[in-house]
Amino acid sequence: MKTGRKRQGMGYPWNIIAGIVAVLVTGGLVLNNHARAVEGQGSVAVMQVQSVKLNYKKGDKVTVAEGVPIYSGVVESSTSPDRMDINGYSSAQGSLQIDAVRGEWIKLKGSDYTEFWIPGWYTSKESRSLTKTMPQTFTLRSGSKLYLFPGSQATWSSGALLKDQALIVAATKDWYGVSIAPRVWSKESSTYRPALLWIKAQDVAQHTKVADGWFNRELTMPTSTIRHLTDIVLNSKTTSKQVAQWLGEPDWQEHSGNLNDTGYAMSIGKTWRYERADAHFLVTFNKNGRLVRARWNISQDDRNGVVSNWEFGHSDEYPFTTKIYGTTLPTTLPWKSVWTNQGDINYTFLQAATDDVLLMKGDDGGFSGGYYEGSVYALDRHSGQKLWGINGGFGRQQTEVDTGRQYVTIYTDYDPDKKKYVDRIRHLCLKNGKVKWEYTPKQNFRLNGITAAKNVVVVNSPVVEGSSNSWLTVLDSANGETIWTRKLSTGYQLLNKGADDPYVMYWEKNQLVAADPLSGRTVWSIKVGKPTVDHPENNPYFDGIYRLDPFASTQPERWMLLRDQWALLDLNTGKKLAQFPARNGQQIEVLNDGMVLIRDNKKGDIYGEYADFTTTLYDAKSGTKHWTLNSKIERGFVEDDQLYVIKNGYPAALAYDTGETRWTAQNMIAAFQYPTNQGSYVVIDDQLLLPMGDDLLVMDKNNGTLIGRVHDVVMGTPEHRDRDAKNGTINRIGNEVYIGSSNGRFSIYDANDLHTDISR
């Protein structure tokens, strides 16, 4: 799997016993509800404390209670309490066997071979009197100590460490449990948790419950303290009412991403955003108002670890994650949509448009066994109302819009209602979805698919089941009647891209043929052997040679791979307009002005370190190389004398004539080694829009300054859908900006409103 997927519960093997013990989402303890809770202010009566004797041996069975801190190894007193690297807290009871004993520590091994250490006292009878309290600040008397557990031999000096990092979170008899925030929350692939140590009640001079409204600006509570509090208090039972009480009202409320996995009906909840300059906190609730996700977006500094496109999680109970960004977090901008359609499948891609209709593709985004559902549907361009739709389940779907853009031919090979594979080719009216004609294959085995040329639909079917030979059946797109057929031999390739192509084009027997759509006669041909290098479009992560405009017809010229050459062909005549050598690991990208970016990898691979790549801006028609850079340059968009690109994983602008970098967003937004194409650049006046991560970013096109993110737009990383994302996620025509999402929403925005809305 390519890097960049959302990561949850990484770092430490959390499952102690499968289905029995998992990581607790809070740092507090949830134990005996009948024990006395200690809250408020004042001193506590002193009781005589006796050291607990632990007589454990290897092989003994013990019960692990809830809220027990889990360690990867024994922690010595020389380790600072804020550097204990707590991996998690247990959340359920279960009987475990002791694997080793070391002083006051016991080592346990789960049935899934995970190993971990805990202080043995947490399995004792004395530990059952613990109770959780709401977090409290406190002051300690001079000379007081911290204990591994009540009465432990292991102790630590409290020092000045506790002033801003510690909170009382539990109590038992004459002891308080103290949560101590880690010095570093995230490092490499791990997220650490607050440590849990103990202090004598008699050493507490005073303690006060933390006031509600943690994000209220009047309280000026440090972000580090709020991060600590959310780790302690929030869990899967928390309600939106409680979050509003504890954290205060959010800065923004938005529709959440899909809360269900692929294969289940979509469920959209609410995400509350709390935004500060150094951190954003996102809390997501389901339809019942229960907390199901929480995430800290943290800006990069020396304490937060490296910038990453992973999300570091610490819970299997619900996703509580941290994401490290660049130096600047995108503040939310209140750009309001003209209309929004809420679909029922995750990703929404615009495929084609007329004056009145938008043809859409819905895709759940799953792959490697996780793909369950895709659809084709139409929206009213003026209101966003859904006009019709076809759900193809997890089968193949292909759409071909006819030359006049009044009809669409749809091929599906699976019927989700009948739950079986059924090849169907339907020709529908775009406006109302009415079927004008339907083609039923004569054979019982499955088709290879369809394509199109001017006024025809081309059906590709094997000669016999499993055969690599094929019959081309060319249908009149007006009525579905067969015009002509042709048998193609093993190794053939169909080369049509859609109804804008003037001829039916295929490669067979070392010859590229362009056949008249209505008669089948050869109009032009080129003798050329089989390609000797692999076509980049065979790789699902390649986002395509062209950026296709859903509102416009394609030009009658195309780059094709002819043996060991890239050739630009005039599709009407077959004439070569330009050509240059092709290499393995090479990608080409045609810019919006017709110039070509050529990306080469010295190791012959499309992946690898950025240092392995060179990128050349090439004017193929004149044979001129304008410049070559030792970088991976992709997703280019030309405007005037500036080229907006993704350079080595991050947004950048280059001087068009020299390739000189005019600005980069490397420090602000951060770089990814293998960025998924989430959508192309769109320019609105001085603003540059780009989907990246979860957000639709808005940057100043003149200097790359990050202005913010668009309100209530949830982007995603549509792996293996890079071409759909490149062409269909974000498009502009005139003052209309069409924006897709990863939570089923598709919207139209007025470009004129962007500057007004972001200036508020």
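Treat the numbers as computed from the prediction; the structure is a model and nothing was measured. Along the sequence shown, residues are numbered consecutively beginning with 1.
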Exercise for the section: Decide if atom CG of Asn538 counts as having more than 12 heavy atoms of other residues, nucleotides or ligands within a radius under 6.0 Å. Expected result: yes

Practice task
Would you kindly say whether Glu275 and Thr332 are connected by a side-chain donor-acceptor distance under 3.5 Å?
Solution key: yes

Practice task
Apply side-chain contact (heavy atoms from CB on, under 4.5 Å) to the pair Trp566 and Ile588, showing each step before the final yes or no.
Solution key: CA-CA 9 Å; Trp566 283 108; Ile588 68 170; 3.7 Å; yes

Problem - Side-chain donor-acceptor contact under 3.5 Å, Trp272 with Glu249 - result: no

Exercise for the section: Say whether Thr664 and Thr661, considering side chains only, have a donor N or O and an acceptor N or O under 3.5 Å apart. Expected result: no

Exercise for the section: Would you please indicate if the ring centroids of Phe349 and Tyr738 are separated by under 6.0 Å? Expected result: no

Exercise for the section: Would you please say whether a donor-acceptor pair under 3.5 Å links the side chains of Asn601 and Arg599? Expected result: no

Problem - Asp612/Lys632 salt bridge by N-O under 4.0 Å criterion - result: no

Handout entry: Polar side chain donor-acceptor pair, Asn391 to Glu373, under 3.5 angstrom
Key = yes

Practice task
May I ask you to check whether Trp252 and His280 place their ring centres under 6.0 Å from each other?
Solution key: no

Problem - Matching residue for Trp559 among Phe580, Tyr618, Tyr546 - test: ring pair (Phe, Tyr, Trp, His ring centres under 6.0 Å) - result: Phe580

Handout entry: Pair Arg745 + Asp712, salt bridge at N-O below 4.0 Å
Key = yes

Exercise for the section: Flag the pair Glu254 and Arg709 as a salt bridge only when some basic side-chain nitrogen lies within less than 4.0 angstrom of an acidic carboxylate oxygen. Expected result: yes

Handout entry: Between Arg662 and Tyr656, a side-chain donor and acceptor under 3.5 Å
Key = no

Practice task
Scan side-chain atoms only and decide if Thr223 and Arg276 contain a donor-acceptor pair under the 3.5 Å cut-off.
Solution key: yes

Practice task
Heavy atoms only: give me the nearest Tyr610-Asn648 pair and the separation to one decimal.
Solution key: CE1-O, 3.0 Å

Problem - Any side-chain donor near an acceptor of the partner, Arg721 and Tyr347, under 3.5 Å - result: no

Exercise for the section: Say whether Thr271 and Ser256, considering side chains only, have a donor N or O and an acceptor N or O under 3.5 Å apart. Expected result: no

Practice task
Begin with the C-alpha distance, continue with both residues' side-chain angles, and end with the deciding distance and a verdict on side-chain hydrogen bond (donor to acceptor under 3.5 Å, both in side chains) for Tyr411 and Arg396.
Solution key: CA-CA 8 Å; Tyr411 164 64; Arg396 291 181 296 162; 2.8 Å; yes

Exercise for the section: Ignoring hydrogens and angles, state whether a donor on the side chain of Asp543 or Asn677 is under 3.5 Å from an acceptor on the partner side chain. Expected result: yes

Practice task
Ignoring hydrogens and angles, state whether a donor on the side chain of Thr614 or Asp600 is under 3.5 Å from an acceptor on the partner side chain.
Solution key: no

Exercise for the section: Determine whether the aromatic ring centres of Trp335 and Tyr749 lie less than 6.0 Å apart. Expected result: yes

Practice task
Kindly say whether Gln406 contributes a backbone atom to a donor-acceptor pair with the side chain of Asp402 at under 3.5 angstrom?
Solution key: yes

Handout entry: Polar side chain donor-acceptor pair, His626 to Asp657, under 3.5 angstrom
Key = no

Problem - Over all atoms of both residues, closest heavy-atom pair of Val357 and Ala378 - result: CG1-CB, 3.8 Å

Practice task
Might you confirm whether atom NZ of Lys270 has over 12 heavy atoms from other residues, nucleotides or ligands at distances under 6.0 Å?
Solution key: yes

Practice task
Any chance you could lay out the salt bridge (Lys or Arg N to Asp or Glu O under 4.0 Å) test for Asp724 and Lys361, step after step, and finish with the verdict?
Solution key: CA-CA 9 Å; Asp724 287 324; Lys361 177 180 180 179; 2.7 Å; yes

Practice task
Keeping the roles fixed (side chain from Lys701, backbone from Asp685), state whether a donor-acceptor pair exists under 3.5 Å.
Solution key: yes

Handout entry: Short side-chain donor-acceptor distance under 3.5 Å, Thr717 and Thr676
Key = no

Exercise for the section: Using atom types as modelled and distance alone, determine if a side-chain donor or acceptor of Thr348 lies under 3.5 Å from a backbone N or O of Gly744. Expected result: no

Problem - Main-chain N/O of Thr554 paired with Asp500 side-chain donor or acceptor, under 3.5 Å - result: yes

Exercise for the section: Apply side-chain hydrogen bond (donor to acceptor under 3.5 Å, both in side chains) to Asn703 and Thr705, showing your working. Expected result: CA-CA 6 Å; Asn703 54 29; Thr705 299; 2.8 Å; yes

Problem - Aromatic ring proximity His720/Tyr541, centre distance under 6.0 Å - result: yes

Problem - Short side-chain donor-acceptor distance under 3.5 Å, Ser741 and Asn743 - result: yes

Handout entry: salt_bridge(Asp694, Arg295) N-O dist < 4.0 Å
Key = yes

Exercise for the section: Tell me, yes or no, whether the heavy-atom count around Glu537 atom CD, taken from other residues, nucleotides or ligands under 6.0 Å, exceeds 12. Expected result: yes

